[in-house]
Amino acid sequence: STPERDPTLADLSWSEALDRGRAEFGRDYLEAVLERHDGRVSDAAAQAGVERESCYRLMRRHGVDPSRFR
């Protein structure tokens, strides 16, 4: 069986589809790293290889609240 596919996906341009995919992956990645580190942003940032302030900017951009993982 084939996985469910968003019927509006074909309405996007290639660039828009890639942007959407990056945003979804970015949010999923941040949540996974924060979950692994029990919401500790400094530890999550270190694992991700970014500065703590950059991690906070990414969380704001992707709507991720680290307190959900504490």
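The figures that follow rest on heavy atoms only: side chains count, while hydrogens, waters and symmetry mates do not.
- Put simply, the side chain of Ser13 gets close to the backbone of Glu16: a donor and an acceptor are under 3.5 Å apart.
- With a 4.5 Å cut-off on side-chain heavy atoms, Val64 and Tyr29 do not count as touching.
- Heavy-atom minimum distance, Arg70 versus Asp38: CG-O, 3.4 Å.
- Looking at residues two or more places apart in sequence or on another chain, you find a side-chain contact (heavy atoms from CB on, under 4.5 Å) between Arg36 and Gln47.
- Going from atom CZ of Arg20 over to atom CG of Asp6 covers 5.0 Å, rounded to the nearest 0.5 Å.
- Under the 4.5 Å side-chain criterion, counting only non-hydrogen atoms from C-beta, Leu58 is in contact with Arg61.
- Taken together through direct or relayed side-chain contacts under 4.5 Å among Ile, Leu, Val, Met, Phe, Trp and Tyr, Phe25 and Leu34 form parts of separate hydrophobic clusters.
- Between the OG atom of Ser42 and the CD atom of Glu51 there is a distance of 10.5 Å, given to the nearest 0.5 Å.
- For the pair Arg68 (side chain) and Asp65 (backbone), a donor-acceptor distance under 3.5 Å is absent.
- With a 4.5 Å cut-off between side-chain heavy atoms of Ile, Leu, Val, Met, Phe, Trp and Tyr, the cluster of Leu18 takes in Trp14.
- Scanning all heavy atoms of the two residues, the minimum distance from Arg52 to Ala45 falls at CA-CB, 3.9 Å.
- Hydrophobic cluster membership is shared by Phe69 and Met59, with clusters built from Ile, Leu, Val, Met, Phe, Trp and Tyr side chains linked at under 4.5 angstrom.
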